[in-house]
Amino acid sequence: MGPLYWHRLRDHFLSLRVQLSLLVVLAFFVLNGLTYSWRILDMHRADVALYADVARSFDAVHTVADAAAGTYRALNQPTGTEFMTEGGFNWFWGTAWVTPQMNQFPFFYYARDVNLWMDRFEVLDWTLIVKLVFSFLCIVIAYDGISGELERGTLRLVLANPISRGTVLMARFSADLTILLVAFGIGALTSLLILTLSGAVPLTWALLLRCALYSIGAAVYASLFLLLCLGVSAVARSSVTSVVLLTVAWAVLVVVVPSTSYLIAVKASDLTDRWADEVWEYQRTTGEALASEDLLPRAPQVAAADGYAVERRLALRLQEADREGTRIGVRNLQRQASRYGLARAINLISPAFAFQHTVEGLLGTGATKRQHFLAQVFEYREAVRTAIRDRDAADGDSPHVLFMKDFVSQQPMSGADLPRFRERPLSPAAGLAFSVLPLVILVCETGLAFGFALWAVNRMDLTGFGVSEAA
Amino acid sequence: MPTRVQSRQAGIAPNCFPKGQALIAVLILKELRAHARTLRLAVALVLTVALCVLASLLSSAEYSRSVQAYRAAVTERHEKMAQTTVFAQLAPDVIVPPQPVQLFARGIMGATGQRCGVDVAEYLIAEGPVGGALRDDLLHTLAQVDFAAVVALLLGFLAVLLGFDAVCGEREQGTLRLILANSVSRGQVLAAKLIGGALALWIPLGVAFSASVLVLEANPDIAFTGDDRLRLALIFLSSCLFLAVVFCLSVMVSAWARRSATALIVCLLGWLLLGTGYGNALPATVRYALDWPPWQEFMDQMEAEWQRHDAEMDEWGKLNPPPPPAYLAGLQRNGVRRYVPPQGLAWLERRAAYEFNRTLETAARVWRHRWANQEVLARQQFLVDRWSVLSPFTGYQTVCRWLARSTLDDCFEVARYGMRYRQSYIDYLRGRFAAEGWRRWFTDDPPGTPPMIPEPEAVTSEMLQPGAAYLTDRLAWAEARYATDRLDPARRLDLTDLPAVGPGWQRSLPESLGRALPGVVVLLLMLAVSIGLGSWRFSYHEVV
């Protein structure tokens with residue numbers, strides 16, 4: 001197998017297609033490095049104003065009452081590996097405004113600047129390059145891996161030697177994979193170089209470890225397509241037929257299947273377009289109902305006369321409304337996530353997305369990071385409430401009607417006493433758990449491709465090679 | 001003399017030499033038949049039609065939901081306006097229906113209805129979609145396919161695969177010299193190849209297009225007007241042009257390449273770079289290469305403008321001090337004041353008149369800040385639209401979007417109409433208030449309504465403290481009165497002469513064509529250059 005491998009490798013390096021493919025890969029990675037360095041540096045600049053805005057709400061807090069009436073902002077953080085896989089970080093909600101007051105659901109929105117006016121495009125991260133460009137290049141490099149040699153007549157000569165067909169296949173495959181990994185390596189290093197030199201991404205061992213993990217995933221994905229190409233090449237017997245079948249398979253797997261998932265998910269789900277409004281409607285109608293029952297906070301002096309009876313009843317009702325509103329809001333958020341989950345499941349059929357979800361899980365980004373952030377926002381709200389409740393409980397003069405501004409402690413409290421939101425990144429174990437299913441699918445598909453290629457090569461009939469038919 | 005086998009492969013009956021023009025027709029038919037029998041055409045036909053039909057079915061269902069959302073929004077607006085009793089709360093939003101042609105090229109409008117909020121205090125640069133389609137940040141990351149995308153991807157691919165071995169493949173097989181051995185010029189042979197290939201490509205295009213249109217027509221919610229049908233025909237013609245361009249480009253590569261394997265590699269890589277590559281690299285680069293000011297900057301500026309507005313109102317309040325509180329006391333429910341004594345009403349009217357003009361000025365200043373902040377974002381998409389002409393794949397999709405009126409500029413066209421409508425609404429308000437006074441801005445009490453406080457000069461401030469007996473008594477009177485008054489039809493706003501939403505909110509066909517023209521011209525230029533270069537090379541081609 002060794003000589004076959006080196007022979008094919010040398011052929012590749014001398015061939016036009018590999019040289020052109022290397023150029024294409026390099027061009028994409030250079031663009032990736034440039035666009036991400038611009039973007040990350042812009043994000044650093046914009047984040048200064050963003051953090052100032054977050055800090056502003058804490059600076060306005062001087063008493064416990066101020067704290068109870070304040071609105072505090074939670075902000076998510078990039079993982080630092082967005083250039084490898086964006087994982088939707090540029091699109092998913094990344095900020096929330098929470099208030100300790102009852103019956104006020106947190107408001108989620110885009111954190112950093114998004115351009116809602118641009119037609120949708122794919123961000124040029126490594127995952128896009130591997131998904132689209134590399135799989136295509138697999139076809140370009142390996143479409144005639146077996147059929148080309150068959151047509152030239154040299155395959156018989158090779159197989160006349162005492163080596164198994166499986167060995168020939170593995171030699172081809174290894175040489176092709178080496179080329180692709182070399183191309184990926186050069187491209188990735190170029191991109192990392194641009195990012196590091198521009199100061200956008202600090203080079204650490206952790207980052208390099210992540211890059212290594214990523215490369216393993218990319219190698220599995222490339223193997224899948226290479227084995228598929230070699231298998232089809234063996235089945236088709238003619239290079240032209242082979243390239244047609246492969247490009248069709250590529251189009252179906254990488255582009256067609258994922259493009260149907262949006263429409264199917266929207267059709268299959270009963271979520272209306274105004275799903276996010278349900279909780280605001282509930283809050284509004286509850287507020288109106290309470291107002292119509294005259295359950296409104298009175299002036300503090302008036303209320304003190306009867307021990308804040310009305311206010312306490314109001315607080316109880318608001319607490320119930322808060323629980324119910326949170327239940328409605330969280331349920332709708334979950335329904336939104338499961339509608340997306342359906343689209344994601346359809347996408348998983350495509351190996352391109354199996355690969356994408358695997359690396360998203362490994363790098364701790366993707367929709368799971370978003371869900372984790374949403375859950376942490378609710379935890380944060382509870383933490384803020386607990387902090388205010390404890391300070392209020394320590395004050396004996398306070399009426400303890402939570403969380404109404406005029407009816408809690410008026411003792412001094414500063415913003416520093418309130419917890420700040422810090423996003424906890426997904427733990428590696430959690431990330432791994434989310435990447436298990438896509439990884440299993442990817443590995444199974446690769447195994448199937450391997451079996452297919454082996455079967456195709458072994459069943460090839462080398463005798464009577466005649467006129468090639470136009471495909 | 002060619003052998004029977006080789007002649008049959010060349011598609012020409014042996015011993016048959018038709019003369020002149022008839023030969024080119026034979027050649028074209030031969031090319032057409034050769035292509036039609038290939039596996040690639042059959043597979044591409046099936047795949048394209050299947051995907052187009054699937055996309056049409058699902059888009060049709062989504063469109064029905066958009067239409068429902070639009071109808072619900074119009075009904076809701078109508079009901080709300082019928083129940084509004086003061087102009088300050090009137091929101092005569094401009095709501096325009098979804099356009100079915102956009103199902104063929106989604107763009108940013110995405111075949112949903114659009115709503116322009118009309119508000120004295122604020123006007124936006126662009127309208128928003130009816131139905132809140134923007135709310136889903138998760139779904140936005142999924143690809144949405146439309147007819148133009150399917151054609152650009154699958155049929156564009158097919159065009160590349162049909163064209164790459166048009167010349168060099170035949171040369172390698174040896175059949176090219178058989179054809180050239182006939183009394184036919186090289187130009188005619190190449191022309192036959194180009195025409196035959198283009199016709200072969202237009203077959204699956206025609207089938208897919210017809211299937212899509214039929215599926216959409218079957219939906220009762222979809223009604224194509226005459227203008228829509230014309231636009232659809234133009235989209236079909238653009239698709240034909242696009243496929244011809246891609247085919248001619250790959251035939252040109254085929255003519256220049258020595259071996260069909262080389263031609264294949266160049267064509268495939270060219271497809272990758274110009275299609276998917278350029279289609280994603282251009283927006284990604286433009287998006288992050290252009291610096292945009294942070295949104296927070298605009299929020300701070302808007303905050304400052306409204307604080308300035310509040311300061312101006314305070315200034316006015318100092319120069320025009322309000323009457324004592326007793327003259328302003330009334331029932332405040334849902335933002336509407338009622339049963340205010342006449343002297344207080346007069347002061348409130350003067351204040352409303354002043355505030356109206358100040359609000360308009362503040363809104364204009366806020367709009368300028370907003371545009372300055374967001375102009376770069378719009379420019380990013382405009383640049384993408386403009387530079388998409390460099391690749392036939394993206395250029396074609398942009399032409400389709402111009403024809404379907406789903407580009408960002410078309411979106412702004414609707415918003416510009418909304419702004420014009422807002423201006424006409426403001427003029428209408430001024431006219432009304434000049435004739436009837438400003439009371440209808442903030443109260444729905446007809447003149448002569450008894451006030452809550454009948455003798456304000458006799459009321460002291462203690463009587464007006466919250467919880468005081470006098471105030472409670474008067475509030476109870478006001479509530480009781482309101483319980484009957486709220487059903488009084490005289491309190492409804494008379495909106496019979498409110499400006500109506502008319503046509504003019506979307507581009508006419510000549511205007512759309514004008515916008516699409518640069519893209520079409522570039523496609524035609526690419527066609528001419530590829531045919532020119534290909535035929536020049538083919539004319540001195542060595543066939544031996």
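Residue numbers begin at 1 in each chain, while the letters A, B, ... track the order of the sequences.
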(request) Please flag which part of B:Leu139 lies under 4.5 Å from any non-hydrogen atom of chain A: side chain, backbone, both or neither. (result) both

(message) Between B:Leu51 and chain A, with a heavy-atom cut-off of 4.5 Å, which part of the residue counts as in contact: side chain, backbone, both or neither?
(response) side chain

(message) Can you list the residues of residues 42-49 of chain B that sit under 4.5 Å from chain A, counting heavy atoms only?
(response) B:Val43, B:Leu47

(message) If we ignore hydrogens and angles and just use 3.5 Å, is the side chain of B:Asn280 paired with the main-chain N or O of A:Phe121 as donor and acceptor?
(response) no

(request) Please lay out, stage by stage, how A:Arg370 and B:Leu138 fare under the test side chain to side chain contact (heavy atoms under 4.5 Å, CB included). (result) CA-CA 9 Å; A:Arg370 173 191 183 272; B:Leu138 282 173; 3.6 Å; yes

(message) Out of A:Glu288, A:Arg339, A:Arg120, A:Arg344, return the one with the most heavy atom pairs under 4.5 angstrom to chain B.
(response) A:Arg120

(message) Tell me which of these, A:Asp144, A:Asp53, A:Leu20, A:Thr260, has more heavy-atom pairs under 4.5 Å with chain B than the rest.
(response) A:Asp53

(message) Between A:Ile129 and chain B, with a heavy-atom cut-off of 4.5 Å, which part of the residue counts as in contact: side chain, backbone, both or neither?
(response) neither

(request) For the residue pair B:Thr141 and A:Glu86, establish whether any side-chain heavy-atom pair is separated by less than 4.5 Å. (result) no

Show which side-chain atoms of residues 257-273 of chain B pair as donor or acceptor with protein atoms under 3.5 Å away, not counting sequence neighbours.
{"residue": "B:Ser260", "atom": "OG", "partner": "B:Glu172", "partner atom": "OE1", "Å": "2.8"}

(message) Quick check on the structure: residues of residues 26-36 of chain A within a heavy-atom distance below 4.5 Å of chain B, by number.
(response) A:Phe28, A:Leu31, A:Thr35

(message) Show me the pairs that pass salt bridge (Lys or Arg N to Asp or Glu O under 4.0 Å) and involve residues 274-289 of chain B, at least two apart or across chains.
(response) none

